[in-house]
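FYI, side chains are in, hydrogens and waters are out, and symmetry mates aren't considered; it's all heavy atoms of this structure. Within every chain, numbering begins at 1; the chains are lettered A, B, ... in the order of the sequence lines, protein sequences first and strands thereafter.
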Protein chains: 2
Amino acid sequence: MDHHDAEADFEQLLRAADLRVTRPRLAVLRAVRRHPHADTGSVLAAVRTEEPTVSHQAVYDVLGVLSDSGLVRRIQPAGSVARYELRVGDNHHHVVCRSCGTVADVDCAVGVRPCLDASDTHGFVVDEAEVTYWGLCPACATAPATATATEN
Amino acid sequence: MDHHDAEADFEQLLRAADLRVTRPRLAVLRAVRRHPHADTGSVLAAVRTEEPTVSHQAVYDVLGVLSDSGLVRRIQPAGSVARYELRVGDNHHHVVCRSCGTVADVDCAVGVRPCLDASDTHGFVVDEAEVTYWGLCPACATAPATATATEN
DNA sequence: TGAAAGACTTGACTGATTCAAGTAAAGACG
DNA sequence: CGTCTTTACTTGAATCAGTCAAGTCTTTCA
């Protein structure tokens, strides 16, 4: 994984989305790549290891525009703050640990767009079906409940 | 729907769950029945039309214990505050309007427990698959986006 | 009826997220 | 390459859902 190639990728990604290329945006993209499912606070911390002067507001703004542009995906399991990931457009889903809040990716077995056919959507125009699996992660399934959700 | 019968039902429900029967709890159950998918604030407001002295903390507490006991179900679509409903244990799902946040119930067409078979759950012990359909409600699909999510 | 456990009230507090005003940097164009 | 316009970022304050803590009232059960 060459550093400059990855940089170029993110830069292209931004330009293709008609977004200005800025240091905070590149840093956020790198942070999200390094920490899949990280919440805003973790992204901020990760960003500041490279760009110590980036403000917390900038991170909120950047995550907002990147989400709106579809460059990152925002998820928010019940009871959790917003989390972000780079995997986008591949219709994957998430398992969330009820005990510690850890999130992992899951490819649905049913097909490319599972469960997108609801019987009656009351006239809603549906464009996405999001599946969240709830349960216990390997650690919490065996150990007593202690941990609290923070990072992945 | 006779008033006293319904009261008796809720009372039984509470006792069956080993919960004390209190005015706030009955009022919350009635409020949630009257306002499916209402958030905590709306439940509080609805409760106070019958029991004006109930504190906001009590409503949080009651909704907490009722959720833990499985008497009500708590949902929280991304970007929304917690919402509550009485329909429980029937594995139904939700459509959420991207524009106004309105929530509606959906029975999944695939079967009783749709999508519960994920290909690889990374060792998680999964006990529930929650499906959230995203799209536009009839009103927002035709009209320009204006409304903001509040009540159902 | 009276005691013990549990629920409720009150009031303060936290923490994620947003708002607003001003400064700085990116991209376009000459 | 320098200037201009647009848009991003910084700073600092504010909001709001939800939680914590201490004390009082109720429910339940003996």
Side-chain angles (χ1 to χ4, degrees), chain A residues 7 10-29 31 37-45 47-48 50-69 71 74-84 101 148-151, chain B residues 7 10-29 31 37-45 47-48 50-69 71 74-84 101 148-151:
Chain A
E7 276 309 88
F10 285 147
E11 194 177 324
Q12 277 178 237
L13 231 52
L14 287 168
R15 294 198 194 281
D18 259 308
L19 295 174
R20 289 188 182 174
V21 177
T22 68
R23 296 174 70 76
R25 285 178 180 172
L26 291 173
V28 165
L29 284 167
H37 312 130
D39 58 33
T40 311
S42 306
V43 172
L44 177 58
V47 162
R48 285 188 171 159
E50 319 188 316
E51 304 277 349
T53 66
V54 171
S55 68
H56 103 129
Q57 187 59 240
V59 171
Y60 273 97
D61 286 351
V62 169
L63 288 171
V65 300
L66 295 183
S67 298
D68 291 347
S69 313
L71 298 198
R74 167 193 278 136
I75 63 170
Q76 189 174 9
S80 166
V81 296
R83 291 164 177 274
Y84 298 88
T148 305
T150 348
E151 179 119 17
Chain B
E7 274 312 86
F10 285 146
E11 194 176 324
Q12 280 178 236
L13 231 52
L14 287 169
R15 294 198 194 282
D18 261 305
L19 296 175
R20 291 190 179 173
V21 177
T22 68
R23 297 173 70 74
R25 286 179 179 172
L26 291 173
V28 165
L29 284 167
H37 311 131
D39 58 34
T40 311
S42 305
V43 172
L44 176 59
V47 163
R48 285 187 171 159
E50 319 187 315
E51 304 278 350
T53 67
V54 171
S55 69
H56 104 128
Q57 186 60 238
V59 171
Y60 274 98
D61 287 352
V62 169
L63 288 171
V65 298
L66 295 183
S67 299
D68 291 347
S69 313
L71 298 197
R74 169 192 276 135
I75 63 170
Q76 190 173 8
S80 168
V81 295
R83 291 162 177 276
Y84 298 87
T148 305
T150 348
E151 180 119 16

Nucleotide D/dT26, atom P - distance to CG of B/Leu19 in whole Å
20 Å
Round to the nearest Å and state the distance from A/Arg83 atom CZ to C/dT17 atom P.
11 Å
B/Arg20 and B/Arg25: CA distance, side-chain angles, deciding distance, side-chain contact (heavy atoms from CB on, under 4.5 Å) verdict:
CA-CA 9 Å; B/Arg20 291 190 179 173; B/Arg25 286 179 179 172; 3.9 Å; yes
For B/Leu14 and B/Leu29: C-alpha separation, side-chain torsions, deciding distance, then whether side-chain contact (heavy atoms from CB on, under 4.5 Å) applies.
CA-CA 10 Å; B/Leu14 287 169; B/Leu29 284 167; 4.1 Å; yes
Just N and O in the side chain of B/Arg15: are any of them under 4.0 Å from OP1 or OP2 of D/dT28?
yes
Is a donor-acceptor pair below 3.5 Å formed from side chain A/Gln57 to base C/dT17, judging by atom type as modelled?
no
For a quick check of understanding: with a heavy-atom distance under 4.0 Å over all strands, which category does B/Val21 fall into, base, sugar-phosphate or nothing?
sugar-phosphate
Closest to the B/His56 side chain: C/dG27, C/dA12, D/dT28?
C/dA12
note: A/Leu63, atom CG; D/dC9, atom P; distance rounded to Å ~ 11 Å
Counting the atoms with a prime plus P, OP1 and OP2 as sugar-phosphate, which does B/Arg25 contact under 4.0 Å by heavy atoms, base, sugar-phosphate, or nothing?
sugar-phosphate
Separation of atom CD in B/Glu51 from atom C1' in C/dA7, rounded to whole Å:
14 Å
Round to a whole Å and report the spacing from CG of A/Leu26 to P of C/dA25.
16 Å
Determine whether A/Val81 and A/Thr40 satisfy the following criterion, side-chain contact (heavy atoms from CB on, under 4.5 Å), listing intermediate values before the conclusion.
CA-CA 8 Å; A/Val81 296; A/Thr40 311; over 6 Å; no
Applying a 4.0 Å non-hydrogen cut-off, can you work out what B/Val62 is touching in the nucleic acid: base, sugar-phosphate, or nothing?
sugar-phosphate
Working note: B/Leu66 + B/Leu19, criterion side-chain contact (heavy atoms from CB on, under 4.5 Å); need CA distance, chi angles, decisive distance, verdict.
CA-CA 9 Å; B/Leu66 295 183; B/Leu19 296 175; 4.2 Å; yes
Look at the side-chain N and O atoms of B/Thr53 and state whether any lies under 4.0 Å from the OP1 or OP2 oxygen of C/dC8.
no
In whole Å, what is the span from the CG atom of B/Asp39 to the P atom of D/dG18?
8 Å
Please give, in whole Å, the distance from C/dT18 P to A/Asp61 CG?
9 Å
Among the nucleotides D/dT19, D/dC9, C/dT18, whichever has the atom closest to the side chain of A/Pro24 is D/dC9
If you look at every strand shown and take non-hydrogen atoms under 4.0 Å, does B/Thr22 touch a base, only sugar-phosphate, or nothing?
sugar-phosphate
Starting at the 5' end of DNA chain D, which residue's closest nucleotide do you reach first, B/Thr40 or A/Val54?
A/Val54
Hey, which of these two, B/Arg20 or B/Gly41, hits DNA chain D nearer its 5' end, going by closest nucleotide?
B/Gly41
What is the distance, to the nearest angstrom, from the CD atom on A/Glu11 to the C1' atom on C/dA26?
12 Å
In short, A/Val28 meets A/Leu63 closest at the heavy-atom pair CG1-CD2, 3.6 Å
